[in-house]
Engineer: 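Quick one: the structure is below, questions incoming.
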Amino acid sequence: HLLNKAVLPITDATKKRIREVLEQANNEGWGADKTAREIEDKEIARKRANVITRTETVRATNLGALVGAAARGLKLVKEWIAVNDNRTRPDHKYLNGQTQDFEKKFETEEGIELMYPGDPDAPAKEVIQCRCVMGFEAQRDENGRLIRANYEGLIA
């Protein structure tokens, strides 16, 4: 029950590995220290660390791009750019190439809204190990001049 209520998402493979260790510990009468050492298997820890690192790097990269773009003081349109291979989630393939006004959120086919790839307000299924990025295009008026904009306060 506790494995299903974990604060951080745990993959089914990790849950299975932990259940196997707990079953073996119960059958062989291990103490808490030995059981904990077996659960803290380096392979599980390394995989978890890699997932977290990839997810947070994409989040930070895209948030940084958003903040940097906003600081230019120009009216912008943002574009969702997916890696678009066999590991790309369907929602992100759907978003690939779509553009959105800078201050608006992208919306998946399922209606999930994301301000940017890795958006911490989006469900985990949309951000964990996401590899998408954004591009930006400055908007021009009818005379071809860049349009100024102030996005102050939009990005927290």
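Side chains included, hydrogens not; waters and symmetry mates left out as well; all remaining heavy atoms used.
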Engineer: Using every non-hydrogen atom in the two residues, find where Glu107 and Tyr94 come nearest and quote the distance to one decimal.
Structural biologist: O-CE2, 3.6 Å
Engineer: Which residues satisfy the salt bridge (charged side-chain N to carboxylate O under 4.0 Å, His left out) test with Lys105, sequence neighbours excluded?
Structural biologist: none
Engineer: Could you measure the distance from the CG atom of Asn96 to the SG atom of Cys132? Nearest 0.5 Å is fine.
Structural biologist: 7.5 Å
Engineer: Before you tell me yes or no, could you show the steps for Arg131 and Asp85 under salt bridge (Lys or Arg N to Asp or Glu O under 4.0 Å), namely the whole-Å CA-CA distance, both residues' side-chain angles and the distance that decides it to 0.1 Å?
Structural biologist: CA-CA 11 Å; Arg131 300 170 292 146; Asp85 61 14; 2.7 Å; yes
Engineer: With sequence neighbours left out, write down each residue that passes salt bridge (charged side-chain N to carboxylate O under 4.0 Å, His left out) with Arg89, or none if nothing qualifies.
Structural biologist: none
Engineer: Would you say Val58 and Ile128 are hydrophobically clustered, going by side-chain heavy atoms of ILVMFWY under 4.5 Å?
Structural biologist: no
Engineer: Where do Met134 and Pro117 come nearest, in terms of heavy atoms and distance?
Structural biologist: CG-CD, 3.5 Å
Engineer: Give me the atom names and distance for the closest heavy-atom approach of Ala122 to Glu113.
Structural biologist: CB-O, 4.3 Å
Engineer: Which word best sums up how the rings of Phe106 and Trp80 line up, parallel for under 30°, tilted for 30 to 60°, or perpendicular for over 60°?
Structural biologist: perpendicular
Engineer: So does Val83 get a backbone contact from the side chain of His92, meaning a donor-acceptor N/O pair under 3.5 Å?
Structural biologist: no
Engineer: Show the numbers, then the answer: is there a side chain to side chain contact (heavy atoms under 4.5 Å, CB included) between Arg87 and Gln129?
Structural biologist: CA-CA 10 Å; Arg87 295 186 308 157; Gln129 296 200 75; 5.9 Å; no
Engineer: Checking Arg148 now: which residues fulfil salt bridge (charged side-chain N to carboxylate O under 4.0 Å, His left out) with it, not counting sequence neighbours?
Structural biologist: none
Engineer: What distance do Asp119 atom CG and Leu66 atom CG have between them, rounded to the nearest 0.5 Å?
Structural biologist: 9.5 Å
Engineer: State whether the number of non-hydrogen atoms from other residues, nucleotides or ligands found under 6.0 Å of Glu152 atom CD is greater than 12.
Structural biologist: no
Engineer: Hydrophobic clusters here meaning ILVMFWY residues chained together by side-chain heavy-atom distances under 4.5 Å, can you tell me if Ile81 and Leu95 are in one?
Structural biologist: no
Engineer: From the options Met115, Gln98, Glu137, Lys104, select the one residue that forms a side-chain contact (heavy atoms from CB on, under 4.5 Å) with Lys78.
Structural biologist: Met115
Engineer: Quick check for you: to the nearest 0.5 Å, what is the distance between Arg59 atom CZ and Tyr116 atom OH?
Structural biologist: 6.5 Å
Engineer: Are Leu114 and Val133 grouped together when hydrophobic residues (ILVMFWY) are joined by side-chain heavy atoms under 4.5 angstrom apart?
Structural biologist: no
Engineer: Taking a hydrophobic cluster as the set of Ile, Leu, Val, Met, Phe, Trp and Tyr residues connected by side-chain heavy atoms closer than 4.5 Å, whether directly or through intermediates, do Val77 and Leu74 fall within one such cluster?
Structural biologist: no
Engineer: Please name the pair of heavy atoms, one in Tyr151 and one in Leu76, separated by the smallest distance, quoted to 0.1 Å.
Structural biologist: OH-N, 3.0 Å
